[in-house]
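Right, one structure below, let's go through it.
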Amino acid sequence: MQAYPPALIHHFFSGRTWIEGAALDQLAEMSRLPGVSEIAAFPDLHPGKYGATGVALASERLLPLLVGNDIGCGMSLFQLDLPPHKLKIDKAAERLRQLEAEEIGNPALLLEEAGLPTSLAPDALGTIGGGNHFCELQAIDALAEGGVATGLDGHALYLLVHSGSRSLGAAFFSEAVDAHPDLAAGLLPGSQGAVTWLANHDRCVAWASLNRRLIAARAAAALRADLRLVADVPHNLVRSSGRAFVHYKGAAAVTPGELAPIAGSRASLSYVVCPTADVSRSLGGISHGAGRKYDRASMHGRAGRNRSEREQLLRNAWGGIAICDDRALVIEEAAAAYKDAGQVVADLENEKLVSVLASFRPLVTFKKAVDEAEVEQRRRKPKYRREGGRGRERY
DNA sequence: ATGTGC
């Protein structure tokens, strides 16, 4: 095997930001992957399954493991034609609870309009998914002069949507894993494996963007509002740059001058920033969110140990509420699991990668609502009931 | 992240 010199690792975070040692170890491992020339690490850096998250990485080989299974995942921000002063949070939450029951139109037609095959996971369109994904109703907390100039409006409500390619990216990911036993070593440019993965990748990026738009359209319909797209920025993808592939893993792939959302947590502020020309120093990447401080498993026992604590986790300091009927997810996504997005943004600003345009407070965070129809169907056809009585009875 | 399942 050919030996490569380890890649240059650039840190775009300060000593004030908590960075887990395991993530730095992963960075060092990633710098020794074949073909890697340069790595940019951002303040939301944290350990991930196939390498650290919060990273942009340039390599002459394609490294699908680094992008992971949610190919095309990203953040989109929309402005609503609703003023915050009229908002009744409980009423809005009640309406948003029905988000995924709202019509999205003809999926085949929507896919066709997006230049995608009509067979591409049409039934999953407009769904949020799990994990850290959400659709959040927000109001501007603070607005810089530069924010006003870009059309951000302190007297409007906003929707921030974080979602990806659902089962589609996962299917292409495992397809690549199955086809290439040595996928960790990367795919060579122009190889059949690289061409196939890149084509699937491009579809996932377009599908995920469409998905976020449809989630927002559903939310706007539930709120009886109209909406306009402010920003749409993916953070799990690859971009070609000359001879190199730049891999973004939990790092927003930005363009100088084009607005980018940086998500806070369920109970802390989110931001909209304007990337500067200096992002050429960070491989065109910036942070995409606050970044995890504690992994999902270690949150159990750390937060939400009893019912009243869990109920508290659904409320925030601004009177906002979260809709999440999944008890484990409430705990795993507690604000305490995340770093402070304000510190993340301060580091990026200090590195001259961005200017901050506005901060946003969370009012209603839609994560997961129990589908009553589905529950009812399961009740009729119990999954674990068998004729022969093998296995445990569920009811 | 994932219809998180034999």
> Between A:His133 (NE2) and B:dG3 (P), how many Å, whole number?
Replying inline: 11 Å
> Are A:Phe134 and A:His162 near enough that their ring centres are under 6.0 Å apart?
Replying inline: yes
>> Checking contacts here: which listed nucleotide (B:dG3, B:dT2, B:dT4) is nearest the side-chain heavy atoms of A:Ser167?
In response: B:dG3
> CG of A:Asn236 versus C1' of B:dT2: gap in Å, rounded?
Replying inline: 13 Å
>> Rounded to whole Å, please give me the gap between OH in A:Tyr50 and C1' in B:dT2.
In response: 12 Å
> Under the salt bridge (charged side-chain N to carboxylate O under 4.0 Å, His left out) test, which residues partner A:Glu351, sequence neighbours left out?
Replying inline: A:Arg281
>> Without decimals, in angstroms, what is the distance between A:Asp123 CG and B:dG3 P?
In response: 12 Å
>> Base, sugar-phosphate or nothing for A:Gly129? Non-hydrogen atoms, less than 4.0 Å.
In response: sugar-phosphate
> Rounding to a whole Å, what distance do you find between A:Leu168:CG and B:dG3:P?
Replying inline: 11 Å
>> I'd like to check A:Glu258 versus A:Pro275 (side-chain heavy atoms, cut-off strictly below 4.5 Å). Are they in contact?
In response: no
> When we call it a touch if two heavy atoms are under 4.0 Å apart, what does A:Gly131 touch: a base, just sugar-phosphate, or nothing?
Replying inline: sugar-phosphate
>> Counting the atoms with a prime plus P, OP1 and OP2 as sugar-phosphate, which does A:Gly130 contact under 4.0 Å by heavy atoms, base, sugar-phosphate, or nothing?
In response: sugar-phosphate
> Expressed in angstrom and rounded to an integer, what is the separation of A:Ile128 atom CD1 from B:dG3 atom C1'?
Replying inline: 16 Å
>> Could you tell me how far apart A:Asp326 (CG) and B:dT2 (C1') are, to the nearest whole angstrom?
In response: 14 Å
> Rounding to a whole Å, what distance do you find between A:Arg327:CZ and B:dT4:C1'?
Replying inline: 18 Å
>> Checking A:Arg292 now: which residues fulfil salt bridge (charged side-chain N to carboxylate O under 4.0 Å, His left out) with it, not counting sequence neighbours?
In response: A:Glu333
